[in-house]
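Working notes, beginning with the structure itself.
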Amino acid sequence: MAARILEGPPIAERIKTQLKAQISELAAIRPPRLTAILVGDNPGSKFYAKSQQKDCEELGIGYQLRELPDDIAQAELLEMLSELNADAAVTGIILLVPVPKHLNARLLQAAIAPEKDVDGVHPANLGCVVRADRTLAPCTAQAAVAVIEEAGVELKGAEVVIVGHSEIVGKPTALLLMESLATVTVCHIETRDTAAHCRTADIVISAAGVPGLVKADWIKPGALVVDVGINRVKSEDGKSRVVGDVDPAVVDVAGILTPVPGGVGCVTAAMLMKNTVAAAALQARLSA
Ligand code: NAD
């Protein structure tokens, strides 16, 4: 029997709807306002900026996109971040990545005030994840957890395999799932037999960035498969399209499967809105 397809948009809509009351409460105290920084003209980042702006407009959150030349110096960006950190009207800051090679994204992200870091990439916020504090956890990790909760699969005692160990997806997702008492295995490029690990899993989460990596014979029948991958590939007709990490044949083996596009990506975008509201609320509390 083909897997149930777990669509992201209804989950994303629910998350955004739940934010509306909090946004109106904050309007009089600390209205959420997000500033996004785009260095250069990476088409992927431009696409994300557009979608962030649309989500912010829908929710009545202020949004400013700062578009900067691709030869901007690290020092100038650090100066700008310090001004944004000090500006009480700016409650959220996100640096769109990737940035040009001469810039150090990690240092720049660490220069964002932790209480304004809506992407959840500041070392302090990543550290909070170790303590099970999701307030400003990385958006994709929160999205992966939300999708599993929506699927209704019991996490306590479940065997979860995550393919990918990046700082923004694999590692924080593993930590959040451990908090729910799942047994988590994290595979990566040097894992000797990723397929064998996946075959034991009740839940497979793939965030490797490799189209078609997760094959049907890697999946235990009935397992939940969460495809985090967003990979642009060229079709035979020369057009480019977005695919995940999971081979299409997995649909015949898995019990529940998230699609790409239309899966985890939409939920991640909603989590950015959730973090933006959480950041404003946190600053309202800190200044009370
Ligand atoms: P990354 O390049 O930082 O990390 C990739 C990880 O996958 C690494 O741990 C690497 O060791 C592992 N890996 C690569 N090839 C592998 C293989 N053959 N076998 C086992 N492990 C392998 O990437 P990232 O930033 O974590 O993103 C991963 C994917 O998730 C990309 O497709 C990205 O576009 C996507 N992504 C999606 C969302 C979303 O909201 N859905 C958000 C962020 C990233």
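Order of listing sets the numbers, starting from 1, for every ligand and every atom in it.
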### Query
Is any heavy atom of the protein nearer than 4.0 Å to atom 2 (O) of ligand 1?
no
### Task
Could you tell me whether some N/O pair between Thr268 and ligand 1 is separated by less than 3.5 angstrom?
yes
#### Entry: Where ligand 1 meets Gly209 - atom numbers and elements under 4.0 angstrom, heavy-atom basis
28 (C), 29 (C), 31 (C), 32 (O)
### Task
Identify the two heavy atoms, one from Val121 and one from Leu126, that lie closest to each other, and give their separation to 0.1 Å.
O-CD1, 3.7 Å
### Query
Quick one: does Asp247's side chain have a donor or acceptor within less than 3.5 Å of a partner on Val250's backbone?
no
### Task
State, with a plain yes or no, whether a side-chain heavy atom of Met80 is found less than 4.5 Å away from one of Arg66.
yes
### Task
Would you check if there is a donor-acceptor pair between the side chains of Asp119 and Asn275 at a distance under 3.5 Å?
no
#### Entry: Contact atoms of ligand 1, heavy-atom distance to Val210 under 4.0 Å
15 (N)
### Summary
protein heavy-atom neighbour closest to atom 43 (C) of ligand 1 works out as Thr140 OG1, 3.7 Å
## Note on the structure
Per side chain to side chain donor-acceptor pair (under 3.5 Å), Glu58 is matched among Lys20, Gln53, Lys16 by Lys16
### Task
Applying salt bridge (charged side-chain N to carboxylate O under 4.0 Å, His left out), run through Glu159 and Lys220 and close with a yes or a no.
CA-CA 11 Å; Glu159 296 287 338; Lys220 183 162 87 176; over 6 Å; no
### Task
Considering only non-hydrogen protein atoms, determine which one is nearest to atom 25 (O) of ligand 1 and report residue, atom name and distance to 0.1 Å.
Ile168 CD1, 4.0 Å
### Query
Are side-chain heavy atoms of Asp245 and Val228 found at a separation under 4.5 Å?
no
### Message
Under 4.0 Å between a side-chain nitrogen and a carboxylate oxygen: does that hold for Asp41 and Lys46?
### Response
no
### Task
Quick one: look at Ile189 and ligand 1, take heavy-atom pairs under 4.0 Å, and tell me if it's side chain, backbone, both or neither.
both
### Message
List ligand 1 atoms under 4.0 Å from Gly164, heavy atoms only on the residue side.
### Response
6 (C), 7 (O), 9 (O), 12 (C)
### Message
For Ala3 versus Ala254, what's the shortest heavy-atom pair and its separation?
### Response
CB-O, 3.1 Å
#### Entry: Taking atom 7 (O) of ligand 1 as the reference point, the nearest protein heavy atom with its distance
Ala208 CA, 3.3 Å
### Task
Give the atoms of ligand 1, by number and element, whose distance to some non-hydrogen atom of Val163 is under 4.0 Å.
20 (C), 21 (N)
## Note on the structure
Atoms of ligand 1 under 4.0 Å from any heavy atom of His165, numbered from 1 in the order shown, are 6 (C), 8 (C), 9 (O), 11 (O)
### Summary
ligand 1 atoms nearer than 4.0 angstrom to some heavy atom of Ser166 are 3 (O), 4 (O), 9 (O), 24 (P), 26 (O)
### Query
Side chains of Thr91 and Arg33: is there a donor and an acceptor less than 3.5 Å apart?
no
### Message
Heavy-atom distances under 4.0 Å decide this one: backbone, side chain, both or neither, for Ile230 against ligand 1?
### Response
both
### Task
Please confirm whether Thr191 comes under 4.0 Å of ligand 1, counting heavy atoms of the residue only.
no
### Query
Is it the side chain (CB and beyond), the backbone, both or neither of Val169 that lies under 4.0 Å from ligand 1, heavy atoms counted?
side chain
### Task
May I ask whether Gly170 has any heavy atom positioned less than 4.0 angstrom from an atom of ligand 1?
no
### Query
Considering only heavy atoms of Asn231, which atoms of ligand 1 have at least one such atom less than 4.0 Å away?
32 (O)
#### Entry: ligand 1 versus Val267: contacting region, heavy-atom distance under 4.0 Å
neither
## Note on the structure
Rounding to 0.5 Å, atoms CE (Met178) and CG (Leu155) come to a distance of 12.5 Å
### Message
Can you confirm whether the side chains of Glu57 and Tyr63 place a donor and an acceptor under 3.5 Å from each other?
### Response
no
### Message
So is Ala207 touching ligand 1 or not, going by heavy atoms under 4.0 Å?
### Response
yes
